[in-house]
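Report on one structure; see the data block that follows.
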2 protein chains.
Amino acid sequence: MLSFIEENYIKSIYKIAEASGGPVSTNSLAEKMGIKAATVTDMLRKLSDKSFIHYQKYQGVTLSEKGNNRALQIIRKHRLWEMFLVQKLNFGWDEVHEVAEQLEHIQSEKLIHELDRFLDYPTIDPHGEPIPTASLEMNREPVWYLFNFRKADILTVVGVSDDSALFLNMLDSLAISLGSLIEILECNEYDNSFLIKLNNKATVLISQKVAQNLIVQPNNDRK
Amino acid sequence: MLSFIEENYIKSIYKIAEASGGPVSTNSLAEKMGIKAATVTDMLRKLSDKSFIHYQKYQGVTLSEKGNNRALQIIRKHRLWEMFLVQKLNFGWDEVHEVAEQLEHIQSEKLIHELDRFLDYPTIDPHGEPIPTASLEMNREPVWYLFNFRKADILTVVGVSDDSALFLNMLDSLAISLGSLIEILECNEYDNSFLIKLNNKATVLISQKVAQNLIVQPNNDRK
DNA sequence: ATATTTATTTAGATTAGTCTAAATTTTATT
DNA sequence: AATAAAATTTAGACTAATCTAAATAAATAT
Ligand SMILES: [Mn+2]
Ligand SMILES: [Mn+2]
Ligand SMILES: [Mn+2]
Ligand SMILES: [Mn+2]
């Protein structure tokens, strides 16, 4: 059995590795988890002893097969619970993450299997992120961000890659949600901001940071 | 914030006090929780400092107003989750307790409020026990056990007062479930066992222990 | 190639929750 | 009432997860 805390380390290692490709540094883990590097070092030794990770002093860390599977299980649970909260319990997409952080650690094979069935085997969560299947496969279709497009492109919002409340509240206040229609009116080279027309109505300015976290699908055939 | 462990102490104090009426002894808590009395003493001091309990050395412990409310909140969550598992996720009544022990500690006002609505505000859980309302009231109608009745009485099973897997598995193997019809054929004074006719079919012998934990409703007007 | 800076690990301390063994208080029995 | 037994608390120790400060290794800059 792993503690909640050990599970959170494994999940964080997975997330950082996913974003960077390579091995995960002690410092990056410490920063992500809001704790000190010395604490991380202790835990890495422990997770290595339990063979969830491959760890060489000073060389960073990678998940073992076992660790990777555990990470995917946790992410599966997290995203299924988020789906449950949005679809069945009237939560907004900006309210689910915190609760899912707790629910993802509940231990019960049957629970998660039945939840999956109850939700009719969803493949993406409320933020547009893929949900690993029971056999831990993820339908990773290529994901495009608003940032990848240019003037005159027409797009539909299908997800976000940052599910912090801060970001999702910002989208709410911009009136951007899943399904919103976006036409790019201008790409400003100066600060990489985007001027867009939203649902053929309001004109809105989007910062680089927002544009890098909005997952969209093109409605025309430009790249 | 209380830890899971602190919450479990409070719940155990509530349960023991509910059964016994009076103040709760260190030893009874230690036994219920499967830990040593010395450990309990430490925790009682801590819960007293946080004013969840009234505690005098050597005199046992009672819940404060604050502690009682917290206990009821936890029990509310436990029983709502059990209801969810049975009604929505195809769990059997003998499978839910262990998972509910985990879920009862999830912190989210909105979650439990919406779960209550989603289940249409149930008043009893799958074992026939009352679910505290959002304002922590419990519709405590008097409960009758099979043990309270006598020869020729006809009863319907509406709950159990022991939700251990051991007991519920035993009921399953006796083919007794919620709604089962029971006619008392014989009350044996020797060992307080009961011979019953089940659903007008099989004849079954029930031990005193089982009879004391089966909650029933009379189908005729005898007491 | 050295020196400096940055990243990481080691050492020692702290808190929560638990234990065993010993001391003390309360309860029960002569 | 005195003694024995039981219940409870105290004392001291352990593990998990964290911290700060110091030491060491790796990376970078001169
Ligand atoms: Mn999330
Ligand atoms: Mn988490
Ligand atoms: Mn239960
Ligand atoms: Mn519990």
Side-chain angles (χ1 to χ4, degrees), chain A residues 1-13 15-17 19-63 67 70-71 74 101-102 104-105 107, chain B residues 1-13 15-17 19-63 67 70-71 74 101-102 104-105 107:
Chain A
M1 279 306 88
L2 291 182
S3 67
F4 285 23
I5 288 165
E6 289 169 314
E7 287 202 336
N8 283 340
Y9 274 92
I10 288 172
K11 196 174 59 146
S12 295
I13 294 167
K15 295 259 178 186
I16 296 170
S20 76
V24 173
S25 71
T26 304
N27 260 6
S28 64
L29 260 175
E31 191 191 3
K32 183 170 185 72
M33 306 187 72
I35 57 180
K36 294 303 158 81
T39 305
V40 171
T41 299
D42 285 346
M43 182 59 86
L44 292 184
R45 187 157 291 125
K46 187 170 149 196
L47 290 174
S48 180
D49 289 348
K50 297 185 176 182
S51 62
F52 285 98
I53 60 174
H54 300 298
Y55 171 56
Q56 300 292 349
K57 287 201 310 190
Y58 295 99
Q59 300 313 129
V61 71
T62 58
L63 287 174
R70 188 60 172 247
I74 301 166
E101 282 292 303
Q102 299 179 62
E104 72 188 7
H105 302 292
Q107 282 331 132
Chain B
M1 281 301 91
L2 291 182
S3 68
F4 285 22
I5 288 165
E6 290 169 313
E7 287 201 335
N8 283 340
Y9 273 91
I10 288 172
K11 196 174 59 148
S12 295
I13 294 167
K15 296 257 179 187
I16 297 170
S20 75
V24 173
S25 71
T26 305
N27 260 6
S28 64
L29 260 175
E31 190 190 4
K32 183 170 185 72
M33 306 188 72
I35 57 179
K36 294 303 157 84
T39 305
V40 171
T41 299
D42 284 346
M43 182 59 87
L44 292 184
R45 187 158 291 125
K46 188 169 149 195
L47 290 174
S48 180
D49 289 348
K50 295 185 178 183
S51 64
F52 285 98
I53 61 174
H54 300 299
Y55 171 55
Q56 299 293 348
K57 285 201 311 189
Y58 295 99
Q59 302 312 131
V61 72
T62 58
L63 287 174
R70 188 60 173 246
I74 300 165
E101 282 293 302
Q102 299 179 62
E104 72 188 8
H105 303 291
Q107 262 7 106

Under the side-chain contact (heavy atoms from CB on, under 4.5 Å) criterion, do B:I35 and B:Y9 qualify, and how do the steps go?
CA-CA 11 Å; B:I35 57 179; B:Y9 273 91; 2.9 Å; yes
Would you say the side chain of B:N27 lies within less than 4.5 Å of the side chain of B:E31, judging by non-hydrogen atoms?
no
Contact between B:Y55 and B:T41 at the side-chain level, heavy atoms closer than 4.5 Å - yes or no?
yes
Evaluate whether atom CD of A:Q107 has more than 12 neighbouring non-hydrogen atoms of other residues, nucleotides or ligands under 6.0 angstrom away.
yes
Look at the side chain of B:S48 and the backbone N and O of B:L44, then say whether any donor-acceptor pair between them is shorter than 3.5 Å.
no
Hey, is the main chain of B:I16 close enough, under 3.5 Å, to the side chain of B:S20 for a donor-acceptor pair?
yes
Which of these nucleotides, [options], is closest to any side-chain atom of [X]?
{"X": "B:T26", "options": "D:dT10, D:dT8, D:dC19", "result": "D:dT8"}
{"X": "A:T41", "options": "C:dT9, D:dT9, D:dT18", "result": "C:dT9"}
{"X": "B:A38", "options": "C:dT10, C:dT18, D:dA11", "result": "D:dA11"}

Report each atom pair, protein N/O against N/O of nucleotides 24-29 of chain D, whose distance is under 3.5 angstrom.
{"unit_1": "D:dA25", "atom_1": "O4'", "unit_2": "A:Y58", "atom_2": "OH", "d": "3.3"}

Provide, to the nearest angstrom, the distance between the [atom1] atom belonging to [X] and the [atom2] atom belonging to [N].
{"X": "B:M43", "N": "C:dT15", "atom1": "CE", "atom2": "P", "answer": "16 Å"}
{"X": "A:D49", "N": "D:dT15", "atom1": "CG", "atom2": "P", "answer": "15 Å"}
{"X": "B:Q56", "N": "C:dT24", "atom1": "CD", "atom2": "P", "answer": "21 Å"}

So which one's nearest nucleotide on DNA chain D is more toward 5', B:T39 or A:E6?
B:T39
Is the shortest side-chain N/O distance from [X] to OP1 or OP2 of [N] below 4.0 Å?
{"X": "A:R45", "N": "C:dT9", "answer": "no"}
{"X": "B:Y9", "N": "C:dA16", "answer": "no"}
{"X": "B:K36", "N": "C:dT18", "answer": "no"}

Could you check B:K11 against B:E101 for side-chain contact (heavy atoms from CB on, under 4.5 Å), going step by step and ending with a plain yes or no?
CA-CA 11 Å; B:K11 196 174 59 148; B:E101 282 293 302; 2.7 Å; yes
Hey, what's the ring geometry for B:H105 with B:F4, parallel, tilted or perpendicular (30° and 60° as the breaks)?
parallel
For nucleotides 1-6 of chain D, read 5' to 3', which letter fits each nucleotide if B means a protein heavy atom sits under 4.0 Å from the base, S means only the sugar-phosphate is that close, and - means neither?
------
Looking for any heavy atom pair under 4.0 Å, which part of the strands does A:F4 touch: base, sugar-phosphate only, or nothing?
nothing
In terms of heavy-atom contacts, B:M43 and B:I5 come closest through CE-CG2, 3.9 Å
